[in-house]
Participant: 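Okay, here's the structure, questions in a sec.
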2 protein chains.
Amino acid sequence: MTLSSITSISDRQTLSDQVFTELKEAIIKGDLPQGSKIIEDDIAKQYGISRGPLREAIRRLEGIRLLVRKPRAGTRVVTLTHSMMEEIYTVREALEGMSARLAATRMSDIEIAELQQLLENHQSTIDQSKGKEYFQREGDLDFHFRIAKASNNQWLMDLLSSELYQLLRMCRHRSSQTPERPLRALSEHQQITEAIANRDSELAELLMRRHISGAWKIVNTLLSNENNMIDNTEGKS
Amino acid sequence: MTLSSITSISDRQTLSDQVFTELKEAIIKGDLPQGSKIIEDDIAKQYGISRGPLREAIRRLEGIRLLVRKPRAGTRVVTLTHSMMEEIYTVREALEGMSARLAATRMSDIEIAELQQLLENHQSTIDQSKGKEYFQREGDLDFHFRIAKASNNQWLMDLLSSELYQLLRMCRHRSSQTPERPLRALSEHQQITEAIANRDSELAELLMRRHISGAWKIVNTLLSNENNMIDNTEGKS
DNA sequence: TAAAATCAGATTGTTGACAATATATGAAAA
DNA sequence: TTTTCATATATTGTCAACAATCTGATTTTA
């Protein structure tokens with residue numbers, strides 16, 4: 001077994017894997033704007049690789065719905081329309097509801113304690129700096145991610161964390177823009193956690209679904225307002 | 001607009017798309033057995049293409065979880081383990097429950113009539129030839145697919161029809177193997193349809209979820225029995 | 001004999017070039 | 001001026017060869 005220390009070699013990622021990860025980040029951060037065209041030669045040069053592995057990465061990104069391809073016409077970054085956001089929130093409600101239900105049964109006492117700890121951190125963060133949206137946003141995802149993990153269902157976890165959450169992060173509109181939203185969200189998180197701690201799966205699912213559909217209602221109005229503003233300022237089309 | 005008739009050219013599928021479809025069928029039908037290794041050169045020659053487009057197809061199949069890849073170690077057809085089947089049924093319960101809920105609101109009267117017609121066909125099929133499992137199986141998927149479509153949610157439809165249903169079809173174990181199952185399933189389908197016809201979304205979701213978790217219980221025992229049989233016959237490992 | 005090292009064959013990862021197609025540009029016609 | 005057509009350019013689709021890595025069999029060594 002003298003070679004055991006070289007396992008890092010076989011774990012080495014493939015070029016396609018690397019560029020897949022980097023492109024994903026670039027899309028989510030907005031470096032590659034929504035709707036922009038992916039020109040293979042440009043991207044390939046930019047990352048210093050050939051088009052072969054790049055195309056494989058593109059196919060994978062297509063698979064998780066970050067890119068949209070039309071045969072022979074090119075590939076574009078997905079555009080998050082209003083109705084698409086609604087669809088995503090709907091799927092999320094179903095999946096996370098189930099996730100919470102399972103977590104209520106399967107989450108270990110330690111994980112529950114950690115979850116409660118997380119919420120206390122959020123609490124104090126809100127108390128201190130009201131405006132820090134960023135933490136609120138990522139903290140929210142953190143909460144949801146832990147519950148997805150605790151579902152102990154690989155499929156649920158994958159769908160949520162490697163597909164839905166990415167899209168969610170692409171959507172700049174933070175429900176926390178409403179001043180009272182962070183507090184409200186926190187209290188809902190606490191309710192959900194309590195239901196899980198009580199091993200009440202029915203209630204956990206119900207509360208999670210209500211939490212998400214409530215979040216959608218906020219995002220929905222924010223999106224509508226923005227659309228109206230665009231109509232008013234840019235007008236005429 | 002003299003070119004409008006040639007749109008068929010631009011719709012022409014790419015080699016990668018074609019082989020993607022064909023490989024998918026081969027996997028589902030079992031021509032490529034579960035756990036078998038995908039050797040790129042062999043498959044490429046078999047389909048008369050080069051490895052480039054094939055690899056793209058492989059990445060896509062990886063994306064919908066029909067293939068599993070280990071960097072530099074090769075790609076294999078997914079193996080449907082017992083626990084994986086359980087995970088799939090759980091996700092399906094969440095997604096199809098939501099689907100039924102939406103369908104209850106959004107399905108047109110015509111679609112509902114067609115759905116009822118479909119069930120009548122199933123009824124008579126069962127009356128005539130009790131054993132025709134095949135039709136029962138595909139008919140079941142047909143029913144569920146129509147409801148997914150009626151949800152009018154592209155994401156739900158995609159996840160169900162292009163991912164979950166494929167895996168489901170890979171699982172040879174038909175719940176209809178239990179003699180009384182087809183009748184039971186049909187009656188549950190009728191109940192669900194009735195709830196949709198009454199525009200009762202709550203009930204439609206509830207019934208759909210119960211229907212699927214019930215189906216899982218049957219499949220579960222079938223799988224367990226088979227495992228026991230294997231243990232008894234092949235023994236010793 | 002059993003464990004370790006070595007080597008050859010098989011398989012995957014990557015590249016650059018070529019072919020097929022789409023898009024943009026500008027000239028000709030209405 | 002606007003539309004239509006033809007051409008050139010840009011971009012995607014495909015291929016075959018090369019390089020890197022893994023796998024399994026054989027040989028060597030203890």
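Keep in mind the model is a prediction, meaning the values are calculated, not measured. Lettering follows sequence order; numbering is per chain, from 1.
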Participant: How is B:Pro53 classified with respect to the nucleic acid when contacts are heavy atoms under 4.0 Å: base, sugar-phosphate, or nothing?
Facilitator: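 Touches sugar-phosphate only.
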
Participant: B:Gly52 near the nucleic acid: base, sugar-phosphate alone, or nothing, with a heavy-atom cut-off under 4.0 Å?
Facilitator: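 Contact class for B:Gly52: none.
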
Participant: Check this for me, if you would: do A:Glu25 and A:Arg169 make a salt bridge, where the nitrogen-to-carboxylate-oxygen distance has to be below 4.0 angstrom?
Facilitator: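 Salt bridge between A:Glu25 and A:Arg169, a charged N being under 4.0 Å from a carboxylate O: yes.
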
Participant: Are the charged groups of B:Glu111 and B:Arg146 less than 4.0 angstrom apart, N to O?
Facilitator: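 No, B:Glu111 and B:Arg146 are not salt-bridged.
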
Participant: Please give, in whole Å, the distance from C:dT11 C1' to B:Lys70 NZ?
Facilitator: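 One finds 16 Å between C1' of C:dT11 and NZ of B:Lys70, rounded.
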
Participant: Is it true that B:Asp42 and B:Lys37 have a side-chain N and a carboxylate O under 4.0 angstrom from each other?
Facilitator: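 Salt bridge: no.
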
Participant: Salt bridge check, A:Lys45 against A:Glu40: does any charged N sit closer than 4.0 Å to a carboxylate O?
Facilitator: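 Looking at A:Lys45 together with A:Glu40, the answer is no, because their closest N to O distance does not fall below 4.0 Å.
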
Participant: What's the CG-C1' distance between B:Leu15 and D:dT12, to the nearest Å?
Facilitator: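 From B:Leu15 CG to D:dT12 C1': 13 Å.
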
Participant: Ignoring backbone atoms, test whether B:Arg55 places a side-chain nitrogen or oxygen under 4.0 Å from the OP1 or OP2 oxygen of C:dG13.
Facilitator: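 Yes.
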
Participant: Would you please name every residue forming a side-chain hydrogen bond (donor to acceptor under 3.5 Å, both in side chains) with B:Gln154, sequence neighbours left out?
Facilitator: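 Only B:Asp158 meet the side-chain hydrogen bond (donor to acceptor under 3.5 Å, both in side chains) criterion with B:Gln154.
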
Participant: List every contact pair, protein side and nucleotides 23-25 of chain D side both N or O, where the distance is under 3.5 Å.
Facilitator:
none

Participant: Short question: side chain of A:Gln166, backbone of A:Ser161 - any donor-acceptor pair under 3.5 Å?
Facilitator: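 Flag set: sc A:Gln166 to bb A:Ser161 pair under 3.5 Å.
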
Participant: State plainly whether the residues B:Glu205 and A:Arg209 are in salt-bridge range, i.e. N to O under 4.0 Å.
Facilitator: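 Salt bridge present between B:Glu205 and A:Arg209.
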
Participant: Sequence neighbours left out, what passes ring-ring contact (aromatic ring centres under 6.0 Å, His included) with A:Phe143? Give chain and number order.
Facilitator: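 By the ring-ring contact (aromatic ring centres under 6.0 Å, His included) rule, A:Phe143 matches A:His189.
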
Participant: Nearest 0.5 Å, what's the CD1-CD1 distance between A:Ile39 and A:Ile43?
Facilitator: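 If we round to the nearest 0.5 Å, A:Ile39:CD1 and A:Ile43:CD1 are 8.0 Å apart.
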
Participant: Tell me every residue that passes ring-ring contact (aromatic ring centres under 6.0 Å, His included) with B:Trp155, counting only those two or more places apart in sequence or in another chain.
Facilitator: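 Not a single residue meets the ring-ring contact (aromatic ring centres under 6.0 Å, His included) criterion with B:Trp155.
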
Participant: With heavy atoms under 4.0 Å as the rule, sort A:Leu54 into base, sugar-phosphate or nothing.
Facilitator: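 Result for A:Leu54 = nothing.
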
Participant: Atom CD1 of B:Ile58 to atom P of C:dT12: distance rounded to whole Å?
Facilitator: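 From B:Ile58 CD1 to C:dT12 P: 8 Å.
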
Participant: Is B:Arg59 reaching over with its side chain to a backbone N or O of A:Arg59, donor-acceptor style, under 3.5 angstrom?
Facilitator: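 No; judged by distance alone, with no hydrogens or angles, the pair does not exist.
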
Participant: Distance check needed: C:dG9 P versus B:Ile39 CD1, whole Å only.
Facilitator: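 Rounded to the whole Å, the gap is 17 Å.
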
Participant: Contacts to DNA chain D from residues 40-50 of chain A, heavy-atom cutoff under 4.0 Å, which residues?
Facilitator: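 Of all residues in residues 40-50 of chain A, the ones placing a heavy atom under 4.0 Å from DNA chain D are A:Glu40, A:Asp41.
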
Participant: Once you round it to whole Å, what is the distance between C1' of D:dT21 and CD of A:Gln13?
Facilitator: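 Taking atom C1' of D:dT21 as the reference, CD of A:Gln13 is at 17 Å.
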
Participant: Specify the residues of residues 59-67 of chain B, ordered by number, for which at least one heavy atom lies under 4.0 angstrom from an atom of DNA chain C.
Facilitator: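 Those residues: none at all.
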
Participant: For C:dT14, does OP1 or OP2 lie under 4.0 Å from any side-chain N or O of A:Thr14?
Facilitator: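 Answer is yes, contact under 4.0 Å.
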
Participant: Starting at the 5' end of DNA chain D, which residue's closest nucleotide do you reach first, B:Arg51 or B:Glu56?
Facilitator: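 Checking each residue's closest nucleotide, the 5'-ward one belongs to B:Glu56.
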
